[in-house]
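Contents: one structure, followed by commentary.
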Amino acid sequence: MPVKKLEVTQRWTNQEIAALLYRIADILEIQGEIVFKTVAYRRAADAIEHLNRDIRDIWQNDPKNLRSISGVGEAIADKIDELLRTGELKYYKKISKDIPVGIFDIMKIPDVGPKTVARLWQEMKITSVDKLEKAARAGKLRTVKGFGAKTEEKILAGIDAQRRKKSSTRVPIGTAYPFAQNVVSELRVACGDLIRDIAPAGSLRRMKQTIGDLDILVSADLPDHPKIIDAFVKLPQVQDINAKGPTKASIIAVNGLQIDLRVLEPKNWGTALQYFTGSKEHNIAVRQIALSQGLSLSEWCFTTVKGENEIFTPTEQETYEKLGLQWIPPELREANGELEAAREKNLPRLVELSNLKGDLQMHSNWSDGSFTIEQMAEAARARGWKYIAITDHSQGLGIARGLTPERLKQQWAEIDALNKKWKDFVVLKSIEMEIHADGSLDFPDDILAQFDLVLVSTHSALKQTREKITARVVKALQNPYVDIFAHPTGRLIGTREESALDLEQVFRVAKETGTILEIDSAPERLDLDDVRVRRAHDLGIPIVIDSDAHSPAGFDALFFGVAMARRGWLEAKDVLNTLEWKELKRRLKRNKK
DNA sequence: GCCGTTTTCGGCCCGACTGTTTTCAGTCG
């Protein structure tokens, strides 16, 4: 992620541009530039980092277009324009010329920021982590005013921790969520009536796809606070205690996840839950809105800027309403337009799990699933669904016992027989068909035409170049019998990067051809992710949320797929498997004229 | 450097914590 491409004239990605802007902010801060200027660069960097499309698509060779990005004004727009046109930035070259590169590594050490780094450099000529370590070990840092023995210790510990690289592993939501539920319920049991209210906050509550650490919030009467902290640090999930005070404790759990618990009084609940849910950017914007109304907002309460009056809002709803805003679902709190919508009382009515009427990707024991079609169907019926599509793998995926045309016929006979059993439920004949490396498909059109619907996906040759894999997928989507493109990027969270697929182009083709895109809910996939869902939604591309279940228990994953959809601002009407099959059938491109 | 249902100039989120300080600066979330 660091700025590495400065000398090369080539494609700059959003992430790289953001990294460059962050670095400019760091340099300016080291140089003692006014803090608001550095804040401005960081804000622009953050916005670009979280854009839901390639910045080039916004830019289109005109710097003015870049100013539609929040936090990007004339000066930064011109700099990005120069970068995209020429591949380099004179301003950056100029300000970075005299900065030793090692400085940026020093700044990665916890508790060492730009001010500290500047003093180390200017007063002690320390320009690398190695030099810093030597000086700290020799006790030389404490000779400088403002540095003491503890600072030396902290720096050495920080360097050590960084070398062991133990931090910064984020946990997938599919793992973190049930874990958090367990911790919450055990704490409830341990504390009984002492707990008035309890909720996980932070990125878990916002349902981000991965979680850095877990924030749990408890409200209780003041005298009970220490008892709750004590009970918390004694939970069986606790491995190490980092910090333990009267209202706050921080622990490392047995699975390596850090859990921060905060206990407060019921009157603070509304502001505290709002604050600890985040995101940081959302909170900054919320506090700005408060200020514009003469109110200062903290996690404790509102304060009138003039009169020093404290105003408590015991619920989150009241906290937002105090600012003239609709209550905002946590999934939307990313400073991505939700505050404007909340002010206009125009927030989307987000899709819910209970809106789904069926599931369009799952596997049976005909390929790599472990249950019969009937077992999957009965489990689906028990959930109140009206239809499922059986999408076993096609022959191209031999490793998963992919179906040949002959076995397919046997499977269809089984499905036909099953469908006589139910009046209000139907098993659809489908397939998860492999798109071969050259873009050809596993079955000829005359077979594809006989399915109720067809999913395609890629499992092999995922390392193809951007051009190759994009052409391969585009070719498949242009087939009139290909209805759904499943888990488009092929990523496996924490294990496999997504393919180089040009999603903007895929989205364009999907829109043109009427191909549906999938959110695969398997917790290790979550593909499309939230950001891509939002983009697809903006382009008006229909979405389905599928479980990709290999057993009835696998249906539970839909909860996480729905979370991605919600983070992508989808309403029920944007998700095609909220429709009855009769209606959904009409929306498939194979059935359109 | 950015930005505007009180401002095109004059502001810019807030508090906890830490370590070093005789009252505060830096970092973090």
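Residue numbering restarts at 1 for every chain, and letters A, B, ... go by the order of the sequence lines.
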Would you please confirm or rule out a distance under 4.0 Å between OP1 or OP2 of dT20(B) and any side-chain N or O of T151(A)? yes
I need the CD1-P distance between I27(A) and dG1(B), as an integer number of Å. 14 Å
Between dC3(B) and dT8(B), how far apart are the two P atoms, rounded to whole Å? 16 Å
Is there a donor-acceptor pair under 3.5 Å between the side chain of T319(A) and the backbone N or O of G270(A)? yes
By nearest heavy atom, map F147(A) and R287(A) onto DNA chain B; which one lands nearer the 5' end? R287(A)
Between dG15(B) and dG4(B), how far apart are the P atoms? Round to whole Å, please. 24 Å
Are any of W300(A)'s side-chain N or O atoms less than 4.0 Å away from OP1 or OP2 of dC14(B)? no
Let me know the distance between CD of E33(A) and P of dC2(B), rounded to the nearest Å. 12 Å
Working note: T315(A) + W327(A), criterion side-chain contact (heavy atoms from CB on, under 4.5 Å); need CA distance, chi angles, decisive distance, verdict. CA-CA 10 Å; T315(A) 67; W327(A) 177 81; over 6 Å; no
From C-beta outward on Q288(A), which listed nucleotide comes closest to its side chain: dC13(B), dA16(B), dT21(B)? dC13(B)
R205(A)/E316(A) salt bridge by N-O under 4.0 Å criterion: yes
Y275(A) side-chain proximity, nearest of dC12(B), dG29(B), dC2(B): dG29(B)
In whole angstrom, give me the gap between the P atoms of dT5(B) and dG1(B). 23 Å
For the pair R567(A) and D529(A), evaluate side-chain contact (heavy atoms from CB on, under 4.5 Å) and give the outcome as yes or no after the intermediate values. CA-CA 9 Å; R567(A) 286 180 57 82; D529(A) 68 14; over 6 Å; no
Need the pair for dC17(B). Rule: Watson-Crick or G-U wobble, both distances under 3.5 Å, any strand; none if unpaired. dG26(B)
At 4.0 Å (heavy atoms only), tell me whether I76(A) reaches a base, stays on the sugar-phosphate, or touches nothing. sugar-phosphate
Could you tell me whether the phosphate oxygens of dC13(B), OP1 or OP2, come under 4.0 Å of any side-chain nitrogen or oxygen in R43(A)? yes
When the P atoms of dT21(B) and dG26(B) are considered, how many whole Å apart are they? 14 Å
Which listed nucleotide (dG1(B), dA16(B), dT27(B)) is nearest to the side chain of K115(A)? dT27(B)
Counting side-chain heavy atoms from CB outward, which of dC17(B), dC14(B), dC2(B) is closest to A40(A)? dC2(B)
Within a 6.0 Å radius of atom NZ on K345(A), are there more than 12 heavy atoms belonging to other residues, nucleotides or ligands? yes
Do the side chains of K108(A) and D105(A) get close enough for a salt bridge, i.e. N-O under 4.0 angstrom? yes
Heavy atoms under 4.0 Å, any strand shown: does V35(A) hit a base, just sugar-phosphate, or nothing? nothing
Looking for any heavy atom pair under 4.0 Å, which part of the strands does S292(A) touch: base, sugar-phosphate only, or nothing? base
Whole angstrom is fine here: how far is it from CG in D26(A) over to P in dT27(B)? 11 Å
V144(A) or R119(A): which one's nearest nucleotide on DNA chain B is closer to the 5' end? V144(A)
When the C1' atoms of dT6(B) and dG10(B) are compared, how many Å lie between them, rounded to an integer? 14 Å
Modelled atom types, side-chain donor and acceptor of D260(A) and Q258(A), under 3.5 Å: yes
Heavy atoms from C-beta onward define the side chain here; which of dC28(B), dC2(B), dT18(B) lies closest to that of D111(A)? dC28(B)
Note: R137(A)-E133(A) ion pair, threshold 4.0 Å (strictly below): yes
Rounded to whole Å, please give me the gap between CZ in R42(A) and P in dG29(B). 13 Å
Does T116(A) have a side-chain nitrogen or oxygen under 4.0 Å from the phosphate oxygens OP1 or OP2 of dT27(B)? yes
Figure out the NZ/C1' separation between K145(A) and dT20(B), and round it to whole Å. 10 Å
Using atom C1' in both nucleotides, what's the gap between dC14(B) and dT20(B) to the nearest angstrom? 23 Å
d(CZ, R67(A); C1', dG1(B)) in whole Å: 11 Å
Nearest-angstrom distance, P atom, dC17(B) to dC12(B): 25 Å
Of the nucleotides dC17(B), dG1(B), dG19(B), which one has an atom closest to the side chain of F36(A)? dG1(B)
Spacing of R142(A) atom CZ relative to dT18(B) atom P, expressed in whole Å: 20 Å
Of the listed nucleotides (dA16(B), dG1(B), dC12(B)), which one gets closest to any side-chain atom of K79(A)? dG1(B)
Could you work out which one of dG26(B), dG1(B), dC28(B) sits closest to the side chain of K37(A)? dG1(B)
Return the value, rounded to whole Å, for the distance between atom CG of D213(A) and atom P of dC28(B). 15 Å
Would you classify A149(A) as touching base, sugar-phosphate or nothing, given that sugar-phosphate means primed atoms plus P, OP1 and OP2, and contacts are heavy atoms under 4.0 Å? sugar-phosphate
Does R23(A) make a cation-pi contact with Y92(A), if we ask for NZ or CZ under 6.0 Å from the ring centre and within 45° of the axis? no
Pair K145(A) + E123(A), salt bridge at N-O below 4.0 Å: no
Going by heavy atoms closer than 4.0 Å, what residues in residues 316-343 of chain A are next to DNA chain B? none
Which part of the nucleic acid does I34(A) contact within heavy-atom distance under 4.0 Å: base, sugar-phosphate only, or nothing? base
